[in-house]
Participant: 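I have a structure here, written as structure tokens, and I will follow up with some questions on it.
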Protein chains: 2
Amino acid sequence: MTDTPVSLTPTQLSAYFAFTEVSSLLRPAVEKQLRDVGALSYVQFQLLARLGDSPDGTLRMTDLADGVVYSRSGLTYQAQLLEQRELITRSPSPDDERSTVAAITGAGREVLQEVFPGHIRVVRELLFASLSEADVDDLARILGKVAGHLRAAPPRSAAPRRRR
Amino acid sequence: MTDTPVSLTPTQLSAYFAFTEVSSLLRPAVEKQLRDVGALSYVQFQLLARLGDSPDGTLRMTDLADGVVYSRSGLTYQAQLLEQRELITRSPSPDDERSTVAAITGAGREVLQEVFPGHIRVVRELLFASLSEADVDDLARILGKVAGHLRAAPPRSAAPRRRR
DNA sequence: CTTACTTGCTTCGAATTCGAAGCACTTTAA
DNA sequence: TTAAAGTGCTTCGAATTCGAAGCAAGTAAG
């Protein structure tokens, strides 16, 4: 076992605190915009955006949940809401009868289009307004490293299930 | 009004996505550790930590809520739980009869001590393990800028109240 | 084939969260 | 002084979240 220091360095501490602070200030602002413009929760927006990005506008429920780092039961709930509003459809997969495939609808894409500009504006004004181009480069590079490192850990839905 | 681009640059996009991804992967990991070791939610930990940092171990409820970017009603709920476990006390302020002052107890400080080492370990392993010292410097500097920028916006609890 | 295990999703109940409304105290201004 | 407005906190109800348990379909081992 290698020697692990008891504390973080002062710089690490300030990086960590700044990260949590930015995270908890940015999120409500983004959520407010999404709710005001498209009546979407942040999760719903993420789900629609992921579906919209998918080549055929389609994803399995589990892949959706992993993509947004979200519990499966929570996804079922939000997907129900999106389905009621006819922004997505759900249908059993032909390949695997257990699977449910979610697909974004035309209305879903419309809502995305309505919400995007404001979403981008909020992110630019809050996250990027005070940064230089070099800062943005660094931020992308560094957080990209961290994200890759975190992705290496097994995804939530892969957690082994308890024996019955 | 100046010309605002319709989209974000590719680098801004990847910085934004990496940020949200790190945020949503880091948080559950931290929460799990806090719950396992100290039976604390993330919010409860933040509240205790802020109280522990305060010179006299004391803060007004509103300042606590602003500090952790949290709704006041949610704070009331969590403070009740912490008070039941006798990790904090609440008492009316002598200065202002409306105010409630929260104070961390000895037991509260003990729980903090128990939880800290693991908390730090998780943060180091997940957030910093893959970064060089220079990266950490940059991250602290850049996110510090953003946090300062965000703090400039009025805090949540300052939102004007609707007329009755 | 058939039994046991695995996987994908949903249902369920408990816990947490928020905003609106309400109560009590404080400050302002006439 | 006293009414009106502001501030600090709590209560309330609705919405969201999670994990555990359950169901159904797939897969592996004998």
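A note on names: the letters A, B, ... follow the listed sequences, proteins ahead of strands, and every chain is numbered from 1. Just the heavy atoms: all of them, side chains too, but no hydrogens, waters or symmetry mates, feed the values below. As the structure is a computational prediction, the values presented were derived from the model and not from experiment.
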Participant: In Å and rounded to the nearest 0.5 Å, what is the CD1 to OG distance from B/Ile142 to A/Ser130?
Facilitator: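 Reported to 0.5 Å precision, the distance equals 10.0 Å.
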Participant: Any base atoms under 4.0 Å from A/Leu81, or only sugar-phosphate, or nothing? Heavy atoms, all strands.
Facilitator: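 Since only primed, P, OP1 and OP2 atoms lie under 4.0 Å of A/Leu81, the category is sugar-phosphate.
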Participant: I need the OH-P distance between A/Tyr70 and C/dC9, as an integer number of Å.
Facilitator: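 A/Tyr70 atom OH is separated from C/dC9 atom P by 15 Å.
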Participant: Under 4.0 Å, heavy atoms only, any strand: does B/Ser73 hit a base, just the sugar-phosphate, or nothing?
Facilitator: base
Participant: Roughly, in whole Å, what's the span from CG in B/Asp95 to P in C/dA24?
Facilitator: 21 Å
Participant: With DNA chain D as reference, determine whether A/Gln44 or B/Ser99 sits nearer its 5' end, using the nearest nucleotide of each.
Facilitator: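 First, find each residue's nearest nucleotide; the 5'-ward one identifies B/Ser99.
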Participant: Roughly, in whole Å, what's the span from CZ in A/Arg27 to C1' in D/dT17?
Facilitator: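 The answer, rounded to whole Å, is 11 Å.
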Participant: C/dC9 C1' sits how many Å from A/Leu75 CG, rounded?
Facilitator: 9 Å
Participant: Rounded to whole Å, how long is the line connecting atom CD of B/Glu31 with atom C1' of D/dG19?
Facilitator: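 From B/Glu31 CD to D/dG19 C1': 14 Å.
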Participant: Tell me: CG of A/Leu47 to P of D/dT16, nearest whole Å?
Facilitator: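 From A/Leu47 CG to D/dT16 P: 13 Å.
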Participant: Taking the six-membered ring for Trp, are A/Phe19 and B/Phe19 ring centroids under 6.0 Å apart?
Facilitator: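 Centroid distance A/Phe19-B/Phe19: below 6.0 Å, so yes.
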Participant: When you get a sec, tell me which of D/dG8, C/dC9, D/dT17 is the closest nucleotide to the side chain of A/Gln78?
Facilitator: D/dT17
Participant: Ignoring hydrogens and geometry beyond distance, is the side chain of B/Arg98 in donor-acceptor contact with the base of C/dT26 at under 3.5 Å?
Facilitator: no
Participant: Look at the side-chain N and O atoms of A/Arg72 and state whether any lies under 4.0 Å from the OP1 or OP2 oxygen of D/dG19.
Facilitator: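 Indeed not, no polar side-chain atom of A/Arg72 lies that close.
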Participant: So does A/Tyr77 get a side-chain nitrogen or oxygen closer than 4.0 Å to the phosphate oxygens (OP1/OP2) of D/dA15?
Facilitator: no
Participant: Would you call A/Asp53-A/Arg50 a salt bridge at under 4.0 Å N-O?
Facilitator: no
Participant: Under 4.0 angstrom, heavy atoms only, what part of the nucleic acid is B/Gln80 near: base, sugar-phosphate, or nothing?
Facilitator: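 Counting heavy atoms under 4.0 Å across all strands, the contact made by B/Gln80 is with sugar-phosphate only.
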Participant: Output the rounded distance in Å from CZ (B/Arg60) to C1' (C/dC25).
Facilitator: 13 Å
Participant: Any salt bridge between B/Glu125 and B/Arg121, counting N to O under 4.0 Å?
Facilitator: no
Participant: Taking only the side-chain nitrogens and oxygens of B/Arg90, find out if one of them lies under 4.0 Å from OP1 or OP2 of D/dT10.
Facilitator: yes
Participant: Could you tell me whether the side chain of B/Gln33 and the main chain of B/His119 form a donor-acceptor pair under 3.5 Å?
Facilitator: yes
Participant: Determine the contact category for A/Thr76: base if any of its heavy atoms lies under 4.0 Å from a base atom, sugar-phosphate if only primed atoms, P, OP1 or OP2 are that close, otherwise nothing.
Facilitator: base
Participant: Tell me the interatomic distance from B/Arg35, atom CZ, to D/dG19, atom P, rounded to whole angstroms.
Facilitator: 9 Å
